[in-house]
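Reviewing the structure listed below.
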Amino acid sequence: MRVLVTGGAGYIGSHTVVELLGRGHEVAIVDNLDNSKAEAVRRVNAIAGREATLHVVDIADRNALSDVFASLRPDAVIHFAGLKAVGESADIPLRYYSNNITGTLVLLEVMEAHGCHTLVFSSSATVYRADNPVPFVESAALGASNPYGRTKWFLEEILHDVAASNTKWRFGLLRYFNPAGAHPSGTIGEDPNGVPNNLLPFIAQVAVGRRDRLQVFGDDYDTVDGTGVRDYIHVVDLARGHLRCLEKLEALGDEAGCRVWNLGTGRGSSVLQIIRSFERASGVDIPYDVVPRRPGDSAVSYGDPTKAREELGWSAEYTVDSMCADAWNWQRTNPNGYS
Ligand code: NAD
Ligand code: UFG
């Protein structure tokens, strides 16, 4: 297949492009490099031994995006491009709504103009209302609690509407739980700008000496050890889920419509369990202080992956220990990320 990957220079996108190239697909990446570096694509191509082309284009730039469609003539799009920082989204909501929602609307219009109607969308477990029982199933109540999450939720609704308008559209909405880890080669991984918001990259930067101590946000939750529980999923498992989704949409043809799948492991790990796992993987002590809860955090989030297993034939294969080992391998060999 010819696949156009928006946001393909980013963390999850780069790992997915490796898998696509490995399966013989032709790949073009569209990324404005707002939160990534071209070096990631160079390394992706080195791992795969084949070339994905990088087009430094904003998805909201209709003319430039049209040119990429005209040259690649993609059969399908995997759409990762978006801003993703929860806290920042509350400070600059207009930028989030414009980038994530307007950008996706332009993408859909350009797809329509070029006769491409298959799209896999990066949604998020954040679209589940926190008061749903765990594990979250796809039919659980939706309702995000911040502007970032609402861009994902609203886009899901938009994609349902578009798919309902004409059976030629085929959409796969993948709700990721907590992506973590890195490619086992250690040459690509997560490279956040500034202070990491997420747990694993923060721990990795403490381990490599870029930060002094981790702050553990609360140890008074009703969980196994009082710290927050999440469903961490290896980024390579996640990447492979996108290929299974593409294959499923292709097989379903006009029956596809707009379908939703969780991509998670079905198991939760606490913050302290992740610290211990990282210490085992790295042999480095992770000093930490327990501080008050982070506003907006829930106690427990993990997904039910049954639907993806039964319908996509996909399930997570990597363990939390291997996720920590791969995150460490990447951080140890690239202490300053791609810089
Ligand atoms: P990332 O920031 O590493 O990758 C996103 C990429 O999109 C970046 O390379 C960025 O430069 C690019 N981009 C952003 N806006 C763009 C635009 N207007 N035009 C072109 N390129 C643009 O993030 P990631 O962790 O790889 O996440 C990929 C997708 O998955 C995002 O949509 C994110 O919201 C979603 N998601 C991520 C997580 C997570 O924890 N990492 C969880 C759930 C969902
Ligand atoms: N945590 C700490 N210290 C830190 C960072 C995180 O204790 O420095 C804790 C959090 O309180 C939470 C757990 O580690 O209990 C995981 O936190 P992350 O920030 O790594 O992940 P979240 O579950 O809060 O959110 C992530 C993404 C969201 C996405 C969501 C669901 O950041 O964008 O997963 O997919 F929506």
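From a predicted model like this one, the values you see are computed outputs, not experimental measurements. One-based numbering, in listed order, for ligands and for the atoms of each.
A side-chain donor-acceptor contact under 3.5 Å links Asn193 and Asn35. For the residue pair Thr319/Asp321, the side-chain donor-acceptor check at 3.5 Å is not satisfied. With no hydrogens or angles considered, a side-chain donor-acceptor pair links His79 and Thr104 at under 3.5 Å. Checking Arg43 against Asn334 by side-chain atom types alone, a donor-acceptor pair falls below 3.5 Å.
Every atom of ligand 2 with a heavy atom of Tyr232 under 4.0 Å away is listed here by number and element: 13 (C), 14 (O), 16 (C). Annotation for ligand 2: atoms under 4.0 Å from non-hydrogen atoms of Tyr176 are 35 (O). Numbered from 1 in the order shown, with element, the atoms of ligand 1 that lie under 4.0 Å from a heavy atom of Ser122 read 29 (C), 30 (O), 32 (O), 35 (C). Heavy-atom contacts of Ala125 reach the following atoms of ligand 2: 31 (C), 35 (O) (cutoff under 4.0 Å). For ligand 1, the atoms sitting less than 4.0 Å from at least one non-hydrogen atom of Leu33 are 11 (O), numbered in the order shown with element in parentheses. Which parts of ligand 2 touch Val216 is read off a 4.0 Å heavy-atom cut-off, strictly below it: atoms 7 (O). Below 4.0 Å from some heavy atom of Leu214 lie the following atoms of ligand 2, by number and element: 8 (O).
At under 3.5 Å, not a single nitrogen or oxygen of Ser298, backbone or side chain, sits near a nitrogen or oxygen of ligand 2. Residue Leu199 has at least one nitrogen or oxygen atom sitting less than 3.5 Å from a nitrogen or oxygen atom of ligand 2, judged on distance alone. Not a single N or O atom of Thr126, backbone or side chain, sits closer than 3.5 Å to an N or O atom of ligand 2. Considering backbone and side-chain atoms alike, Phe202 places every N or O at 3.5 Å or more from each N or O of ligand 2. Remark: ligand 1 and Ile12 share an N or O pair separated by less than 3.5 Å (distance only, no angle test). At under 3.5 Å, a nitrogen or oxygen of Ser36, whether backbone or side chain, sits near a nitrogen or oxygen of ligand 1. For ligand 2, the polar-atom distance check finds an N/O of Phe177 within less than 3.5 Å of one of the ligand's N/O atoms.
Here Thr6 has no heavy atoms under 4.0 Å from ligand 1, in either its backbone or its side chain. Using a 4.0 Å cut-off between heavy atoms, Asn197 contacts ligand 2 through its backbone alone, with no side-chain atom that close. Contacts between Asn198 and ligand 2, counted as non-hydrogen atom pairs separated by less than 4.0 Å, involve both the backbone and the side chain. Under 4.0 angstrom from ligand 2, there are no non-hydrogen atoms of Tyr128. Heavy atoms of Gln215 found under 4.0 angstrom from ligand 2 belong exclusively to the backbone.
Tested against Phe136, the residues Trp261, Tyr128, Tyr302, Tyr176 include a single ring pair (Phe, Tyr, Trp, His ring centres under 6.0 Å) partner, Tyr128.
Looking from atom 2 (C) of ligand 2 to the surrounding protein, the closest heavy atom is Phe217 CD1, 3.4 Å. Ranking the protein heavy atoms by distance from atom 33 (O) of ligand 2 puts Tyr148 CE2, 3.5 Å first. From the protein, the heavy atom lying nearest to atom 23 (O) of ligand 2 is Arg230 NE, 2.7 Å. Nearest non-hydrogen protein atom to atom 25 (O) of ligand 2 is Asn178 ND2, 4.0 Å. Of the protein's non-hydrogen atoms, the one nearest atom 15 (O) of ligand 2 is Gly228 CA, 3.6 Å. In terms of protein heavy-atom proximity, atom 28 (C) of ligand 2 is nearest to Val86 CG2, 4.2 Å. Of the protein's non-hydrogen atoms, Asn35 ND2, 2.7 Å is the one closest to atom 2 (O) of ligand 1. Atom 21 (N) of ligand 1 has as its closest protein heavy atom Asn32 N, 3.1 Å. Nearest to atom 12 (C) of ligand 1 among the protein's heavy atoms is Asp31 OD1, 3.4 Å. When hydrogens are left out, the protein atom nearest atom 31 (C) of ligand 2 is Ser124 OG, 3.7 Å; that is the closest non-hydrogen contact. Closest to atom 4 (O) of ligand 1, if we only count protein heavy atoms, is Gly10 CA, 3.5 Å. Among protein heavy atoms, the minimum distance from atom 17 (O) of ligand 2 is reached at Arg294 NH2, 3.4 Å.
Between the choices Asp34, Asn99, Asn178, the shortest heavy-atom distance to atom 15 (N) of ligand 1 belongs to Asn99. The option with the heavy atom closest to atom 34 (O) of ligand 1, from among Phe80, Tyr148, Phe177, Tyr11, is Tyr148.
Side-chain contact between Asn178 and Leu200: absent, with no pair of heavy atoms (C-beta onward) separated by less than 4.5 Å. Side chains of Arg230 and Leu199 form no contact here, defined as non-hydrogen atoms less than 4.5 Å apart. Side chains of Val216 and Ile275 form a contact here, defined as non-hydrogen atoms less than 4.5 Å apart. Using a 4.5 Å heavy-atom cutoff, the side chains of Pro196 and Arg211 are in contact. Between Ile274 and Val271 there is no side-chain heavy-atom pair separated by less than 4.5 Å. Between Leu272 and Tyr288, the closest side-chain pair of non-hydrogen atoms falls below 4.5 Å. Residues Leu249 and Cys245 form a side-chain contact, since some pair of their non-hydrogen atoms from C-beta on lies under 4.5 Å apart.
The closest approach between any non-hydrogen atom of Thr126 and ligand 1 is not below 4.0 Å. Heavy-atom distances between Pro179 and ligand 1 reach below 4.0 Å in at least one pair. Contact between Ser123 and ligand 1 is present, with at least one heavy atom of the residue lying under 4.0 Å from the ligand. Using 4.0 Å as the threshold, Glu190 has no heavy atom nearer than that to any atom of ligand 1.
Although no hydrogens or angles enter the test, the distance criterion places a donor-acceptor pair under 3.5 Å between the side chain of Tyr96 and the main chain of Ala85.
One finds a salt bridge joining Glu109 and Arg62 here, because a Lys/Arg side-chain nitrogen approaches an Asp/Glu carboxylate oxygen to under 4.0 Å. Between Asp34 and Arg95 there is a salt bridge, since a side-chain N of the basic residue sits under 4.0 Å from a carboxylate O of the acidic one. Electrostatic pairing of Arg244 and Glu311 does not count as a salt bridge here, judged by no charged N lying under 4.0 Å from a carboxylate O.
Heavy-atom minimum distance, Ile29 versus Ala9: CG2-N, 3.8 Å. Pairing each heavy atom of Gln273 with each of Val224, the nearest pair is NE2-CG1, 4.0 Å. Looking at every heavy atom in both residues, Thr16 comes nearest to Phe80 through OG1-CZ, 3.3 Å.
Taking the centre of each ring, Phe121 and Trp153 stay at or above the 6.0 Å mark.
Cluster annotation: Tyr148 is not connected to Phe217 through the hydrophobic network of ILVMFWY side chains, with a link wherever side-chain heavy atoms come within less than 4.5 Å.
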